[in-house]
K.L.:
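I'd like to ask you about the structure that follows.
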Amino acid sequence: MNWKKTSIIVTLNNENYANGKKARTFNNIVEDPTEAQIKLFTDALLLLSNGDTLGDTEVVKHDTLD
């Protein structure tokens, strides 16, 4: 298998969102992000938000079969 891309799905909680949460997908993340990198990334998102709290994060690695 060959690595194609890695995505991260971040779920943010806020009463201003429908159902109280919103999932955002970010593509073209480094191939194997560390827990520390993910924490820094989500901390930055929360810092730039309007009162959001972190729900959960999901890392999705996309591979191709050649």
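The structure displayed is predicted, hence computed values, not measured ones.
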K.L.:
For Asn16, enumerate each residue passing the side chain to side chain contact (heavy atoms under 4.5 Å, CB included) test, keeping only those at least two apart in sequence or located in another chain.
P.N.:
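Asn16 satisfies side chain to side chain contact (heavy atoms under 4.5 Å, CB included) with Asn14 only.
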K.L.:
Applying salt bridge (Lys or Arg N to Asp or Glu O under 4.0 Å), can you list everything that pairs with Asp32, at least two apart in sequence or on another chain?
P.N.:
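Once residues adjacent in sequence are excluded, the partners of Asp32 under the salt bridge (Lys or Arg N to Asp or Glu O under 4.0 Å) criterion are Lys61.
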K.L.:
Show me the pairs that pass ring-ring contact (aromatic ring centres under 6.0 Å, His included) and involve residues 18-37, at least two apart or across chains.
P.N.:
Phe26-Phe41
K.L.:
Taking side chain to side chain donor-acceptor pair (under 3.5 Å) as the definition, give me every residue that meets it alongside Thr25, ordered by chain and number, with sequence neighbours left out.
P.N.:
none
K.L.:
Who passes side chain to side chain donor-acceptor pair (under 3.5 Å) against Asn19, sequence neighbours left out?
P.N.:
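Per chain and number, Asn19 pairs via side chain to side chain donor-acceptor pair (under 3.5 Å) with no residue.
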K.L.:
So which residues get pulled into Val60's cluster when ILVMFWY side chains under 4.5 Å apart are joined, directly or through others?
P.N.:
Ile9
K.L.:
Please write out which residues are connected to Leu65 in a hydrophobic cluster, directly or through intermediates, given that two of Ile, Leu, Val, Met, Phe, Trp, Tyr count as joined at side-chain heavy-atom separations below 4.5 angstrom.
P.N.:
Met1
K.L.:
Could you list the residues that satisfy side chain to side chain donor-acceptor pair (under 3.5 Å) with Asn28, not counting sequence neighbours?
P.N.:
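Checked Asn28 against side chain to side chain donor-acceptor pair (under 3.5 Å); zero matches.
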K.L.:
Do other residues, nucleotides or ligands put more than 12 heavy atoms under 6.0 Å from Glu35 CD?
P.N.:
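It does not: Glu35 CD has 12 such atoms or fewer within range.
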K.L.:
Give the minimum heavy-atom separation between Leu54 and Leu12, together with the two atoms involved.
P.N.:
CD1-CD2, 4.4 Å
K.L.:
What residues form a side chain to side chain contact (heavy atoms under 4.5 Å, CB included) with Asp56, not counting sequence neighbours?
P.N.:
Thr11
K.L.:
If you take all heavy atoms of Val59 and Pro33, which pair is closest and at what distance?
P.N.:
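Shortest heavy-atom separation between Val59 and Pro33 comes out as CG1-CG, 4.0 Å.
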K.L.:
Among residues at least two apart in sequence or on other chains, which ones pass salt bridge (Lys or Arg N to Asp or Glu O under 4.0 Å) with Glu15?
P.N.:
none
K.L.:
For the residue pair His62 and Thr6, confirm or rule out a side-chain donor-acceptor distance under 3.5 Å.
P.N.:
no
K.L.:
Once you round to the nearest 0.5 Å, how far does OG1 of Thr34 lie from CD1 of Ile38?
P.N.:
7.0 Å
K.L.:
Quick one: ring pair (Phe, Tyr, Trp, His ring centres under 6.0 Å) partners of Tyr17, sequence neighbours excluded?
P.N.:
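Tyr17 satisfies ring pair (Phe, Tyr, Trp, His ring centres under 6.0 Å) with no other residue.
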K.L.:
Say whether Leu45 and Val30 are linked into one hydrophobic cluster, either directly or through other cluster members, by side-chain heavy-atom distances under 4.5 angstrom.
P.N.:
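Yes, one cluster joins them.
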K.L.:
Please find the pair of heavy atoms, one from Ser7 and one from Asn27, that lie closest to each other, and give the distance.
P.N.:
OG-OD1, 2.6 Å
K.L.:
Would you kindly confirm whether Val10 and Leu40 end up in one hydrophobic cluster when ILVMFWY residues are joined by side chain heavy atoms under 4.5 Å apart?
P.N.:
no
K.L.:
How would you list, by chain and number, every residue that makes a side chain to side chain donor-acceptor pair (under 3.5 Å) with Lys39, sequence neighbours excluded?
P.N.:
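Only Asp43 meet the side chain to side chain donor-acceptor pair (under 3.5 Å) criterion with Lys39.
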K.L.:
Between atom NZ of Lys4 and atom CG of Asp66, what is the distance when rounded to the nearest 0.5 Å?
P.N.:
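That separation rounds to 10.5 Å.
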K.L.:
Distance check, rounded to the nearest 0.5 Å: Lys22 atom NZ versus Ser49 atom OG?
P.N.:
11.5 Å
